[in-house]
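The sequence lines fix the lettering, A, B, ..., with proteins before strands; numbering per chain opens at 1.
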Number of protein chains: 2
Amino acid sequence: MKPIPLAIVEDDPIIRESLRTFLGGDPQFDLLYTAVSIEDFLQALETDARIVPAVILLDIQLPGMSGIEGIPSIKKLRPGVDVIMLTTFEESDKIFAALCAGACSYLSKRVSLVTIRDAILTVHRGGSYMSPSIARKVVEHFIPAPKKDDGPLTQRQQEIVDCIVNGLSYKMTADKLGISLDTVRTHIKHIYQVLEINSKGELIRRSLDKK
Amino acid sequence: MKPIPLAIVEDDPIIRESLRTFLGGDPQFDLLYTAVSIEDFLQALETDARIVPAVILLDIQLPGMSGIEGIPSIKKLRPGVDVIMLTTFEESDKIFAALCAGACSYLSKRVSLVTIRDAILTVHRGGSYMSPSIARKVVEHFIPAPKKDDGPLTQRQQEIVDCIVNGLSYKMTADKLGISLDTVRTHIKHIYQVLEINSKGELIRRSLDKK
DNA sequence: TATCCCCTCGCATCAAGATGTGATAGCGAC
DNA sequence: GTCGCTATCACATCTTGATGCGAGGGGATA
């Protein structure tokens, strides 16, 4: 198995050297570059085409451009790279921002060097490793989805709304529900009063937002 | 440390017995119940109030009600429980369905018993463990977000659309952009042709969807 | 029973949107 | 220069939507 080309972007000298010593000394890896900032790293990538890491360990808290902000630029220069975020923070915001930016793994800095090593191997095999507490936050992100209050609408009113939101006209809605056009109008009227809105546009926007 | 109360729902006798033997023999756990189906398990939870597991190992592929379908019912009877899905499948659909239903961990059945044990401990500590390939799929779910094509609209057309989507009428849009009402109409006409739609509702829905 | 809410329907009116036909003008491409 | 695209404006017509007023039937509840 060929060694995995690596890069590290970390400003803290203690952690950086610790990583460099541990990973650089492991024959499974080929540590190509160690940067102290995104700017530094981008510069290196631009000037030296030989730096093509498969995996990057990226600190999230960096002087200048943050790790998250840097991901797009890095991916632009080295599209295939997998990014592992290293961080002391576990705020949901940062986690999701990093994942959305293209990070594929997110580790707390408190984990052991062995765990980091394993995470690199996992990522390089096409997997992903998240610290347990971070994984939990990610998982919980999916749960609030089913939390949608249907508003104070009656069941019938909700049916009307569904039709309208799905693009049906009042007439088509009337046909579909087997009621008269005027009845649909009446329902809409009441719905608008209850929801305190006054146009189909707002109704659609409102319905789409909560889903 | 008190043993962690467990329950297992698994129809395959081999896997079930394997889990039962391994986990049941571990003093860290207190294996309260082993069910072969959701129906069986729900029945047990209803009739025996002493069955209050902290963690449930739940097969996703079960005869009768599937594991995913069963999660809401289980959570209803035992709200605080953490659910770990065990599965041979790694389809994104199933993963997200399970997470949305309230599962907090998702393991491939191919992992070792030790990994399952560790996952239980992790989950019970408030974390989450996902098999690497599954974690990767979860992570990738976040990435396609920034993929929004603004459509083949010209810049001017997009301005019109923005106004409309923000709730302005044609007249208000005309005033805001400093053009005549008829011009707005003309633009809308062209926009509808290009987008192949034919109502304001569709326009709004379409615009909101991609954001 | 009286009351309230929900669903149903009708009519009327005005505002807004959808659609067709046609015209003028600037700008870049061929 | 002509062609094509974009942006602008006008007029006409028809459909749709928003809103007010009124009304009857059914079910739940006090």
Can you tell me which nucleotide in D:dT19, D:dA10, D:dG17 comes closest to the side chain of B:Ser180? D:dA10

Write down the atom of A:Ile191, the atom of A:Gln157, and the distance for their closest heavy-atom approach. CD1-O, 3.6 Å

When the distance from CG of B:Leu181 to C1' of C:dA16 is rounded to whole Å, what number comes out? 9 Å

What pairs of residues pass the side-chain hydrogen bond (donor to acceptor under 3.5 Å, both in side chains) test when at least one of them lies in residues 119-133 of chain A, not counting sequence neighbours? A:Glu90-A:Ser133

Polar side-chain atom of A:Tyr192 near backbone of A:Lys200 as donor-acceptor pair, under 3.5 Å: yes

Go through the steps to decide whether B:Ile164 and B:His187 satisfy the test side-chain contact (heavy atoms from CB on, under 4.5 Å), and finish with yes or no. CA-CA 12 Å; B:Ile164 300 301; B:His187 279 299; over 6 Å; no

Report which part of the nucleic acid B:Ser169 touches: base, sugar-phosphate, or nothing (heavy-atom distance under 4.0 Å, all strands). sugar-phosphate

Could you tell me the separation between the CD atom of B:Gln157 and the P atom of D:dT8, rounded to a whole number of Å? 10 Å

With sequence neighbours left out, write down each residue that passes salt bridge (Lys or Arg N to Asp or Glu O under 4.0 Å) with A:Arg20, or none if nothing qualifies. A:Glu17

In whole Å, I'd like the distance from the CD1 atom of A:Ile179 to the P atom of C:dG10. 11 Å

Counting only side-chain heavy atoms from C-beta out, which of D:dA7, C:dG17, D:dG17 sits nearest to B:Lys200? C:dG17

Which residues in residues 171-178 of chain A have a heavy atom closer than 4.0 Å to any atom of DNA chain C? none

Using the test salt bridge (Lys or Arg N to Asp or Glu O under 4.0 Å), find all partners of B:Arg16 that sit at least two apart in sequence or belong to another chain. none

Take a 6.0 Å sphere around NZ of B:Lys109 and say whether it holds more than 12 heavy atoms from other residues, nucleotides or ligands. yes

At their closest point, which heavy atom of B:Tyr106 faces which heavy atom of B:Ile95, and how far apart are they? CE1-CA, 3.5 Å

Could you encode protein contacts along nucleotides 20-26 of chain D as a string, one character per nucleotide from 5' to 3', using B for base contact, S for sugar-phosphate-only contact and - for no contact, with a heavy-atom cut-off of under 4.0 Å? BB-----

Quick one: the dot-bracket string of DNA chain D, using Watson-Crick and G-U wobble pairs with both distances under 3.5 Å, [ ] for crossing pairs and | for bases paired to another strand. ||||||||||||||||||||||||||||||

Ignoring the backbone of A:Tyr192, work out which of C:dC7, D:dT19, D:dT8 is nearest its side chain. D:dT19

Between C:dA16 (P) and B:Leu203 (CG): distance, integer Å: 18 Å

Please determine whether salt bridge (charged side-chain N to carboxylate O under 4.0 Å, His left out) holds for the pair B:Glu140 and B:Lys137, giving the CA-CA distance in whole Å, both sets of side-chain angles, and the decisive distance to 0.1 Å. CA-CA 5 Å; B:Glu140 280 166 359; B:Lys137 289 198 174 69; over 6 Å; no

Candidates D:dT19, D:dA7, C:dT8 - which lies nearest the side chain of B:His187: D:dA7

For A:Ile134 and A:Ser108, which heavy atoms make the closest approach, and how far apart are they? CD1-N, 3.9 Å

Rounded to whole Å, please give me the gap between CG in A:Asn198 and P in C:dA15. 15 Å

Positive for side chain to side chain contact (heavy atoms under 4.5 Å, CB included) with A:Val9, one of A:Asp59, A:Ile56, A:Ile60, A:Leu42: A:Ile56

Within less than 4.0 Å of OP1 or OP2 of C:dC9, is there a side-chain N or O belonging to A:Thr183? yes

Side-chain donor/acceptor of A:Ser66 to backbone N/O of A:Leu62, under 3.5 Å: no

From CD1 of A:Ile188 over to P of C:dC6, roughly how many Å is that when rounded to an integer? 16 Å

Rounded to whole angstroms, how far apart are CD1 on B:Ile160 and C1' on D:dT6? 12 Å

D:dG4 P sits how many Å from B:His190 NE2, rounded? 16 Å

